[in-house]
Structures are given as C-alpha cells and as structure tokens.
Amino acid sequence: MRLHPNPASRVSRSTGLSLPVLLTAVVLLSLVGWRLFSTVQAKDALREATQGASKPTVLVTAPSKGQSTEDLVLPGTVQAWSDAPIYARTSGYLKRRLVDIGDAVKAGQLLAEIDAPEVDQQLRQAEAELAVAEATSKVAQGTAERYKQLLATQSVAPQDAEDRIGDGLAKAAAVTSARANVQRLRELQGFARVTAPFDGVVTARNTDVGALVVAGGASGQALFHVSSTRKLRVYVETPESLATGIAPGLNADLRFVSQPGKSFPAKVMATSTAISASTRTLLTQLEIDNAAGTLLPGAYAEVHFKLPLRVDTLRVPGNALLFRADGLSVVTVDAQDTLQIKTITQGRDFGKEVEVLSGLQPTDRIVLNPPDSALSGTPVRVTVFAPKAAPGSAAK
C-alpha cells in the first residue's frame, strides 16, 4: 500500500518555510489589517463629529393655532352720564345754601339763593322807566290820532301830521324796549335762585353763605358740581389694529380695583368712527347701569372685550420674528435639518405672540431667536423647545 505525503509537509517543502513561520505571518497580516480598518473607522468618526460640532444648534417650536375669540383687555375711564358745573348767572352774596356734597337732588330743586341788591334796584328803576315810557307813548298816540283826523279835513299841514304819527310810533317802540329791559332784569333776578339742571348727586361745593358770587363761567367759580350716576359712560382708547372688531352693541365686562372678584356687564354705545392721528386709537364709549350706586365716576376700569377672530390663522412667538429689508420673516427648519427663511404676513400683535395671516404651515418648525446672519440652506442641529411647567403644577 502506497502512503501519501502530509500536505503541510508539501507546502513547507514548496515554500521552503516551516509551518510555525507561516502561521506567524498570517497572524501579523491580520493584525495589520485590523489596525488599518480601525484607523479608517476612527477617522470617519472624527470627521462626522467635527462636522456635527461645526453645525449651529437652533431651538425650534411649532406655531400655535389662532383662537375663535380673543379676550382683549383695555384700560377705561368711567364718567358720569351727565355732569355739569353750576355757575351763578347774577352777581351778589350767597344768601343761603341748601345742599352739600353727596346730597341727591332732583331737577329744578333749589340749591342756593343769592342776595343781589343791585339787580333789585335796577329792576325797580327799569319798571319806573317803563311806566314813564307807557305814559309818554299814550300821550303821543292820542296826539297822532287827533292829527290824523285833522289831516282828513285838511286842517293841518301833512308834514305836521306825519311828524306826530312818527313820534307816536317812536314812543311805542320805547315802551317795547323798556318792557324788554324789565323782563331781562326779572329773569336776572330769578337767577338768584340756583337750581339743579337734572336729577343727580352734588359732587362738589365751592362756596358758602356770605361768599361773594360773580356771574358767568369765564371769571367766576362754579358754585356746585352735579353728576347723574344712575348710568355711567366708560371711555376706552382702542388700538388701530383692533378697531375693526369694535362696533355698537358689542358686550364687555368691566372690573374695578374697588370691587375685587366682581365683573359688571357693559355694552358699546358708539365709537368716534375715526382714528386719532395723535394716538392712533379709536375712541369707544360704553354704557353701564349703576342704579345701585356701587360704581363711582372717575374710577379706573379694566374693560374686557370678547373679539371674534379668524380661526385659520397661526401665532408665533414674538422672538421668532426676523426683520429684514424684504419684509417680516421667520426662519424654519426643513426635513433635512437645514434652515429655510419664509416671508410672512403679520396680523395683530398680542404682545408675546404675533398673528400670522399667511406664509406659514402648522407643521413648520420655527427657530426661536434666529440670528440676523441666518441663510437658507444652512445645516443645523435641532433642539425642540419645551415650555416650562407652571409653578406648583404636578405631572399626572
């Protein structure tokens, strides 16, 4: 039987190397290959890390949807429904005073009386002058009638008759003038009685018994101040951007510092229908019932409006806006984590948020605090903004 030689022996004889040497060479070549492979992997990882570190990190958030109604809060000033300073129409000394601040009064009620002796004397003089004028006119009228009769028989010259008739007419006009002067002084004497112009409350008193009273509002001081407070007017300056939502009939709630925890219904009565050039606001007048007398004129009020809004709008934080020469923009991040700059149409400004009418989609990722140097196509690393929980709130 023929025996075959060992294959390892044939390899060792053909190469001239022993088996241990061959095994050692194979191990060395494997180590070198693994070393090269590890080095390449390390370089790739370093390259990726370097590229990742070079990308700027941005904080993104999603736009929120607009609400169907907006609670608009504006400061308001409360005024009385009717408010009038009461001045004296005649000069003299205050004879007596019948009311004081806080007193409720009715229309026509006597508030005070003024002692005006000069007016009394002038009235007596005017009445005497009226009597003289009436007597003189009576004589002149009788003379004129006689001359008319004599003129009919041609007993007097026409010129003399015309003179007598003209004198009678002049004397009659003098009577009318004297009578008007008497009436004026009687009315002026009646002004010595100071009365209330409407139902209300005396809110101020600036005089007292014995004080000198000067007629007229230009130089004299108001004796009293009367306000009607069963209904009140509330005036609000509405910003121009919200003026289109304010119309007569719109309901509102009023809140007062003096009435914590309470709200009072009111309704828009009218607007000025014009934007003020100095303040860029619309003057709005509201009406509120105050039959109970709990509210005071002159008070500060918070006026809460419920304004209807467009539901197809979005809102973005105010710190996401980018102001550039080509218009208002926001910076978004696309699916490839690269920046995209979008021009938007701004709606109303709510302070922390801004209404966006067009230019954005609800799924867009918006960059917060974007740099002015932001360019479209720039790769970035994304961090999603997580709002802080309200203090005291616990996760369920």
Residue [X] excluded, over 12 heavy atoms near [atom1] under 6.0 Å:
X    : atom1 : result
K95  : NZ    : no
Y300 : OH    : yes
R97  : CZ    : yes

Run the side-chain donor-acceptor check on residues 171-178: report pairs under 3.5 Å with partners two or more places apart or on a different chain.
residue, atom, partner, partner atom, Å
K171, NZ, D167, OD1, 2.7
T176, OG1, A172, O, 3.2

[atom1]-[atom2] distance between [X] and [Y], expressed to the nearest 0.5 angstrom:
X    : Y    : atom1 : atom2 : answer
R193 : E113 : CZ    : CD    : 5.5 Å
L339 : S376 : CG    : OG    : 7.5 Å
L360 : T332 : CG    : OG1   : 7.5 Å
L185 : Q121 : CG    : CD    : 11.5 Å
L232 : I288 : CG    : CD1   : 6.5 Å
L94  : L212 : CG    : CG    : 10.5 Å

* Apply salt bridge (charged side-chain N to carboxylate O under 4.0 Å, His left out) to E187 and list each qualifying residue two or more places apart in sequence or on a separate chain. =>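 E187: no salt bridge (charged side-chain N to carboxylate O under 4.0 Å, His left out) contacts found.
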
* Listed partners of R233 passing salt bridge (charged side-chain N to carboxylate O under 4.0 Å, His left out), at least two apart ->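 By the salt bridge (charged side-chain N to carboxylate O under 4.0 Å, His left out) rule, R233 matches no residue at all.
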
Does [X] use its side chain to pair, donor to acceptor, with the backbone of [Y] at less than 3.5 Å?
X    : Y    : answer
R365 : V367 : no
T238 : T281 : no
T378 : L375 : yes

* **Residue pair T273, T271: steps toward the side-chain hydrogen bond (donor to acceptor under 3.5 Å, both in side chains) verdict** => CA-CA 5 Å; T273 67; T271 67; 5.5 Å; no

Solution key, residues 316-326 side-chain donor-acceptor pairs under 3.5 Å, sequence neighbours excluded:
residue, atom, partner, partner atom, Å
R324, NH2, D372, O, 2.8
R324, NH2, A374, O, 2.7

Is a side-chain donor-acceptor pair under 3.5 Å present for [Y] with [X]?
X    : Y    : value
S278 : S276 : yes
T345 : S358 : yes
D163 : Q159 : yes
Q221 : N206 : no

* Closest heavy-atom pair and its distance - V105, A196 ->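 Result for this residue pair: CG2-CB, 3.9 Å.
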
* **side chain to side chain donor-acceptor pair (under 3.5 Å) contacts touching residues 244-256 (sequence neighbours left out)** =>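 As it turns out, there is no side chain to side chain donor-acceptor pair (under 3.5 Å) pair with a partner in residues 244-256 once direct neighbours are skipped.
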
* **Option passing side chain to side chain contact (heavy atoms under 4.5 Å, CB included) with T284 (candidates V234, L74, I246)** =>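 Single side chain to side chain contact (heavy atoms under 4.5 Å, CB included) partner of T284 among V234, L74, I246: I246.
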
* Asked: Could you walk me through whether K342 and D364 pass the salt bridge (charged side-chain N to carboxylate O under 4.0 Å, His left out) check?
  -> CA-CA 10 Å; K342 294 186 176 182; D364 285 339; 3.0 Å; yes

* Asked: Hey, is R381 close enough to D337 for a salt bridge, meaning N to O under 4.0 Å?
  ->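 No, this pair does not count.
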
* To do: With R179 as reference, evaluate E129, E134, E127 under the side chain to side chain donor-acceptor pair (under 3.5 Å) test and give the passing residue.
  =>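 With R179 as partner, E129, E134, E127 yield a single side chain to side chain donor-acceptor pair (under 3.5 Å), made by E134.
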
* Sort and list the pairs that fulfil ring pair (Phe, Tyr, Trp, His ring centres under 6.0 Å) and have at least one residue in residues 247-284, not counting sequence neighbours. =>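 Every pair satisfying ring pair (Phe, Tyr, Trp, His ring centres under 6.0 Å) with a residue in residues 247-284: F256-F264.
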
